[in-house]
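Lettering of chains follows the sequences in order, A, B, ..., and the numbering in each one begins at 1.
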Number of protein chains: 2
Amino acid sequence: MKTLVSRCPIEEVMQVLGGRWPSLLIYYLKDGTRRFSDLRRDNPTISHRMLTLELRKLMDAGIVRRTEFEGYPLRVEYDLTDAGQELVPLIDALGDWWEKTESWCADRQREMATAGLAVT
Amino acid sequence: MKTLVSRCPIEEVMQVLGGRWPSLLIYYLKDGTRRFSDLRRDNPTISHRMLTLELRKLMDAGIVRRTEFEGYPLRVEYDLTDAGQELVPLIDALGDWWEKTESWCADRQREMATAGLAVT
DNA sequence: CTGTATCCATCCCGATACTG
DNA sequence: CAGTATCGGGATGGATACAG
């Protein structure tokens with residue numbers, strides 16, 4: 001299911017949530033079920049290949065559930081598992097923290113600019 | 001300071017905290033000040049180069065503070081900023097979530113094994 | 001001790017084409 | 001529509017040597 005040999009849970013969970021796509025996909029799934037092609041439209045810049053790989057990773061981590069419907073054309077739906085739902089507020093908290101810190105950084109930059117320093 | 005053009009704070013914060021080292025470094029810094037060489041000892045597998053790069057990234061994100069002391073040999077101390085301290089419980093929560101999920105996965109694996117399925 | 005620069009192997013990821 | 005396979009360019013990261 002997963003072959004990480006780390007003893008640190010943080011290190012492990014970051015292997016799954018780190019990177020550009022996992023958190024975004026979780027966000028698009030948090031309000032309900034989405035199909036493969038929906039997710040492609042949601043994130044126009046993700047490649048077909050990466051979407052499948054990222055979804056598989058999230059499935060292996062028990063965050064995303066895949067449901068396949070018989071018929072033609074083939075139809076597959078993705079949604080968050082219960083564990084995945086629990087994850088949403090935790091990721092949210094990180095986002096909030098970041099926004100707060102960003103504004104703090106912006107303030108600092110403004111101060112420094114006022115003090116006559118270059119702000120690259 | 002940072003040149004991300006993403007509109008999603010989650011995506012941005014994951015750029016900083018994602019990957020193998022950031023969360024680990026934060027953990028080693030959360031209990032107090034550490035020197036460069038201390039952090040190398042803490043994480044024997046991180047390369048000299050990566051340690052400097054990761055520390056710089058955390059500094060740019062306003063998470064880590066660097067203090068340089070005059071004298072010979074040069075001495076530098078790192079610790080968490082206030083924003084960095086606030087981050088610790090949030091990362092903790094992710095770690096806890098992961099451990100809970102992991103045990104759930106382990107249970108599932110055991111069930112499947114009992115059912116006679118191979119567990120890679 | 002701390003940090004930088006260079007070189008080089010590796011891996012990630014996008015593009016593309018193909019299968020069910 | 002959903003997913004897999006293959007290839008190649010580019011980013012990533014380790015080793016090493018050097019500088020302050």
Side-chain angles (χ1 to χ4, degrees), chain A residues 2-6 11-12 14-25 28-29 32-61 63-80 120, chain B residues 2-6 11-12 14-25 28-29 32-61 63-80 120:
Chain A
K2 181 154 29 61
T3 335
L4 289 172
V5 284
S6 164
E11 189 176 347
E12 293 184 1
M14 282 308 176
Q15 294 272 346
V16 177
L17 298 182
R20 181 173 181 186
W21 304 115
S23 49
L24 282 182
L25 294 180
Y28 283 114
L29 288 171
T33 295
R34 307 240 74 193
R35 299 181 59 177
F36 187 87
S37 45
D38 292 332
L39 291 170
R40 288 219 66 187
R41 265 186 295 277
D42 294 335
N43 314 52
T45 61
I46 195 173
S47 69
H48 188 138
R49 181 176 175 276
M50 281 321 286
L51 182 53
T52 58
L53 291 179
E54 294 294 327
L55 283 173
R56 178 185 302 281
K57 187 170 69 172
L58 292 175
M59 287 164 56
D60 290 346
I63 295 170
V64 164
R65 176 178 47 194
R66 194 190 106 116
T67 313
E68 189 171 331
F69 296 89
E70 297 292 332
Y72 178 84
L74 182 58
R75 175 180 164 188
V76 177
E77 291 187 350
Y78 294 93
D79 63 349
L80 294 183
T120 325
Chain B
K2 181 154 26 63
T3 336
L4 289 173
V5 283
S6 165
E11 190 175 348
E12 292 184 1
M14 282 306 176
Q15 294 271 348
V16 177
L17 298 181
R20 180 173 182 184
W21 302 115
S23 50
L24 281 181
L25 294 180
Y28 282 114
L29 288 171
T33 295
R34 307 239 74 192
R35 300 181 57 177
F36 187 87
S37 44
D38 292 331
L39 291 170
R40 288 219 66 188
R41 265 185 296 277
D42 293 336
N43 315 50
T45 61
I46 195 174
S47 70
H48 188 138
R49 182 176 176 275
M50 281 320 288
L51 183 54
T52 58
L53 291 180
E54 295 293 327
L55 283 173
R56 177 184 303 278
K57 186 170 70 174
L58 292 174
M59 287 165 56
D60 289 346
I63 296 171
V64 164
R65 174 177 49 192
R66 195 189 106 116
T67 313
E68 188 172 330
F69 296 89
E70 297 291 332
Y72 179 83
L74 182 55
R75 174 181 165 185
V76 177
E77 291 187 350
Y78 294 93
D79 63 350
L80 294 183
T120 324

Check your understanding: For the pair made of CD in Glu70(A) and C1' in dG20(C), what is the distance, rounded to whole Å?
Key -> 12 Å

Check your understanding: What is the distance from atom CZ of Arg65(B) to atom CD of Glu77(B), rounded to the nearest 0.5 Å?
Key -> 10.0 Å

Review point. OP1 or OP2 of dT2(C) less than 4.0 angstrom from a side-chain nitrogen or oxygen of Arg35(B), does that happen here?
Key: yes

Review point. Which nucleotide in the list dA2(D), dC13(C), dG14(D) gets nearest to the side chain of Met50(A)?
Key: dC13(C)

Review point. Any ion pair linking Arg41(A) and Asp38(A) (charged N to carboxylate O, less than 4.0 Å)?
Key: yes

Practice item. Round to a whole Å and report the spacing from CZ of Arg34(B) to P of dT2(C). Key: 11 Å

Exercise for review: May I ask you to verify if any side-chain N or O of Arg56(B) is less than 4.0 angstrom from the OP1 or OP2 atom of dT4(C)?
Suggested key: yes

Review point. Taking only N and O in the side chain of Ser37(B), is any of them less than 4.0 Å away from OP1 or OP2 of dT2(C)?
Key: yes

Review point. Rounded to whole angstroms, how far apart are CD on Glu77(A) and P on dA2(D)?
Key: 9 Å

Review point. Checking all strands, does Tyr78(B) fall into the base, sugar-phosphate, or nothing category for heavy-atom contacts under 4.0 angstrom?
Key: sugar-phosphate

Check your understanding: Leu74(B) has a side chain; which of dT4(D), dT2(C), dC1(D) sits nearest to it?
Key -> dT2(C)

Exercise for review: Measure the distance from CG on Asp38(A) to C1' on dA2(D) and round it to the nearest whole Å.
Suggested key: 12 Å

Practice item. Assign Arg40(A) to base, sugar-phosphate, or nothing according to its heavy-atom contacts below 4.0 angstrom with the strands shown. Key: nothing

Check your understanding: Given atom OH of Tyr72(B) and atom C1' of dG20(D), what is their separation to the nearest angstrom?
Key -> 10 Å

**Study point:** Integer-rounded Å distance: dT2(C) C1' and Leu51(B) CG
**Key:** 10 Å

Exercise for review: Please tell me if the side chains of Leu29(A) and Leu58(A) come closer than 4.5 Å, counting only heavy atoms from C-beta onward.
Suggested key: no

**Study point:** Arg20(A) (side chain) donor-acceptor with Glu11(B) (main chain) under 3.5 angstrom
**Key:** no

Check your understanding: What is the distance from NE2 of His48(A) to P of dT4(D), rounded to the nearest Å?
Key -> 9 Å

Review point. Taking CH2 from Trp21(B) and P from dG14(D), how many angstroms apart are they, rounded to a whole number?
Key: 7 Å

Check your understanding: Do Tyr78(B) and Val64(B) touch side chain to side chain, with heavy atoms closer than 4.5 Å?
Key -> yes

Study note, to complete from the structure: Of the candidates dT4(D), dC1(D), dG14(D), the side chain of Arg49(B) sits closest to dG14(D)

